[in-house]
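All values reported here derive from a predicted model rather than from experimental measurement.
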Amino acid sequence: MSHDGIEEQGGGTHVQRREPAFNLPGSLVAILALLTLIHVVRTYVLSAQADESVLLHFAFIPARYSIPLSEQDLGWLWSPVTYSLLHGSWEHLIFNAFWMVAFGAPVVRRIGLRRFFLFWCLSAIAAVAFHAALHWGTMILVVGASGVVSGLMGAAARFVFSPSGRISRQFAHLNRRLTIPEALSNRSVLVFSGIWFLTNFLIGFGQIFGSVASGAIAWEAHIGGFLFGFLCFPLFDVAIAESRRD
């Protein structure tokens, strides 16, 4: 007989802990709080002129790299990372936060906060590097953590799927990392990646042919982030065997 999480067995009492509905790593919660705080300040505190200045200094702009660096401020140095902390709307932020919870949690549990911070910075850079290569010299402002989220999706595809294709929400980070050939032969990875790439290519074609507002979604940055996460995740991975040692 059980009473609200307390189970009686063989004359004794065994306390059965329930799994929390939301069990996110504290570091991920802090990151989400920071993204929210930044957007609150930009939306409700800064004037339109001040917010425009923030965007010009911290958003990623491909045109920065087509003119001599000596003729501009240092925005070219930090904007390939800081753009990922800015969002265009609440819908944009909430959408990215939702997918960050889904894929950021297993990644940060697996590699830890310091490696996660480095992964964030490098995946952000990789995402806009791919975008800039296709939009060289254009005055397009890129903001949002979508490139990083795509990187997390690519990284997660290397380990969250079990051989049967199932995902254990709490223990996916303990799975063995798949090699690239193994990942490319895993049905769940192929379906997940195929749908992801198809969706982004459709977004891209939609923008090209005008069904989506021009420049609304930096789908090229999504591609760059995903490829970085999928191909480079082993550089950040922590061996599970090492983490289990006393």
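- Ile195 belongs to a hydrophobic cluster whose remaining members, ordered by chain and number, are Val191; membership requires side-chain heavy atoms of ILVMFWY residues under 4.5 Å apart, directly or through intermediates.
- No donor-acceptor pair under 3.5 Å is formed between the side chain of Arg177 and the backbone N or O of Phe159.
- Residue Leu55 holds its CG atom at 12.0 Å from OG of Ser79, rounded to the nearest 0.5 Å.
- With sequence neighbours excluded, the residues forming a side-chain contact (heavy atoms from CB on, under 4.5 Å) with Ser70 are Pro68, listed by chain and number.
- For the salt bridge (Lys or Arg N to Asp or Glu O under 4.0 Å) test, no residue two or more places apart in sequence or in another chain qualifies with Arg115.
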Applying side chain to side chain contact (heavy atoms under 4.5 Å, CB included), run through Ile61 and Val142 and close with a yes or a no.
CA-CA 6 Å; Ile61 307 173; Val142 179; over 6 Å; no
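- Listed for the Ser66 side chain is a donor-acceptor partner under 3.5 Å among the backbone atoms of Ala63.
- Although no hydrogens or angles enter the test, the distance criterion places a donor-acceptor pair under 3.5 Å between the side chain of Thr82 and the main chain of Phe58.
- For Ala59 against Val143, the heavy-atom pair with the smallest separation is CB-CG1, 3.7 Å.
- Other residues, nucleotides and ligands contribute at most 12 non-hydrogen atoms within 6.0 Å of the CD atom of Glu52.
- Sorted by first and then second residue, the salt bridge (charged side-chain N to carboxylate O under 4.0 Å, His left out) pairs with a member in residues 71-94 read Arg64-Asp73; sequence neighbours excluded.
- For the pair Asn200 and Trp196, the minimum side-chain heavy-atom distance is below 4.5 Å.
- For His222, there are no ring pair (Phe, Tyr, Trp, His ring centres under 6.0 Å) partners, not counting sequence neighbours.
- Contact check for Phe116 versus Phe236: no side-chain heavy atoms found under the 4.5 Å cut-off.
- Nearest heavy atoms, Ala157 versus Phe230: CB-CD1, 4.3 Å.
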Between Val149 and Phe95, does the side chain to side chain contact (heavy atoms under 4.5 Å, CB included) criterion hold? Intermediate values first, please. CA-CA 10 Å; Val149 170; Phe95 182 83; over 6 Å; no
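- By the 4.5 Å heavy-atom criterion applied to side chains, Phe60 and Trp76 are not counted as neighbours.
- Two residues are said to be in side-chain contact when any heavy atoms from C-beta on lie closer than 4.5 Å; Phe233 and Val107 meet this criterion.
- The hydrophobic side chain of Ile67 is isolated, with no ILVMFWY side chain under 4.5 Å apart from it.
- Follow the hydrophobic side-chain contacts under 4.5 Å out from Val148 and you never reach Leu113; the two are in separate clusters.
- Atom CG of Leu28 and atom CG of Leu152 lie 8.5 Å apart (nearest 0.5 Å).
- Contacts of Phe192 classified as ring pair (Phe, Tyr, Trp, His ring centres under 6.0 Å), with partners at least two apart in sequence or in another chain: Phe103, Phe161.
- Under the side-chain contact (heavy atoms from CB on, under 4.5 Å) criterion, Val29 pairs with Leu24, sequence neighbours left out.
- Of the possible polar contacts, none joining the Thr43 side chain to the Val40 backbone as a donor-acceptor pair under 3.5 Å is found.
- For Tyr83, there are no ring pair (Phe, Tyr, Trp, His ring centres under 6.0 Å) partners at least two apart in sequence or on another chain.
- Ile125 is linked by a side-chain contact (heavy atoms from CB on, under 4.5 Å) to Pro80, Val81, Leu122, counting only residues two or more places apart in sequence or in another chain.
- Partners of Glu182 according to the salt bridge (Lys or Arg N to Asp or Glu O under 4.0 Å) rule, which considers only residues two or more places apart in sequence or in another chain, are Arg176.
- Leu69 is not listed as a side-chain neighbour of Leu77, based on a closest heavy-atom distance of 4.5 Å or more.
- Inter-residue side-chain proximity for Leu32 and Val101 is flagged as met; some heavy-atom pair is nearer than 4.5 Å.
- Of all non-hydrogen atoms in Ala127 and Gly147, the two that sit nearest each other are CB-CA, 3.7 Å.
- In terms of modelled atom types and a separation under 3.5 Å, the side chain of His87 and the main chain of Ala145 share a donor-acceptor contact.
- Taking CZ of Arg158 as the start and CG of Leu231 as the end, the distance is 7.5 Å to the nearest 0.5 Å.
- We find the CG-SG distance between Asp237 and Cys232 to be 13.0 Å, quoted to the nearest 0.5 Å.
- For Ala155 against Phe119, the heavy-atom pair with the smallest separation is CB-CZ, 3.9 Å.
- Formation of a donor-acceptor pair under 3.5 Å by the His135 side chain with backbone atoms of His131 is not found in this model.
- When side chains are defined from C-beta on, Phe117 does not count as touching Ile31, because their heavy atoms never get closer than 4.5 Å.
- Between the side chain of Arg110 and the main chain of Asn175, a donor-acceptor pair closer than 3.5 Å is present.
- Under the rule for a ring pair (Phe, Tyr, Trp, His ring centres under 6.0 Å), the partners of Phe197 that lie at least two apart in sequence or sit in another chain are Phe226.
- Ser146 has its side chain within reach of His92: a pair of non-hydrogen atoms, C-beta onward, lies under 4.5 Å apart.
- To the nearest 0.5 Å, the span separating CD1 on Ile94 from OG on Ser89 amounts to 8.5 Å.
- If you take OG on Ser84 and CG on Leu35, they are separated by 7.5 Å, rounding to the nearest 0.5 Å.
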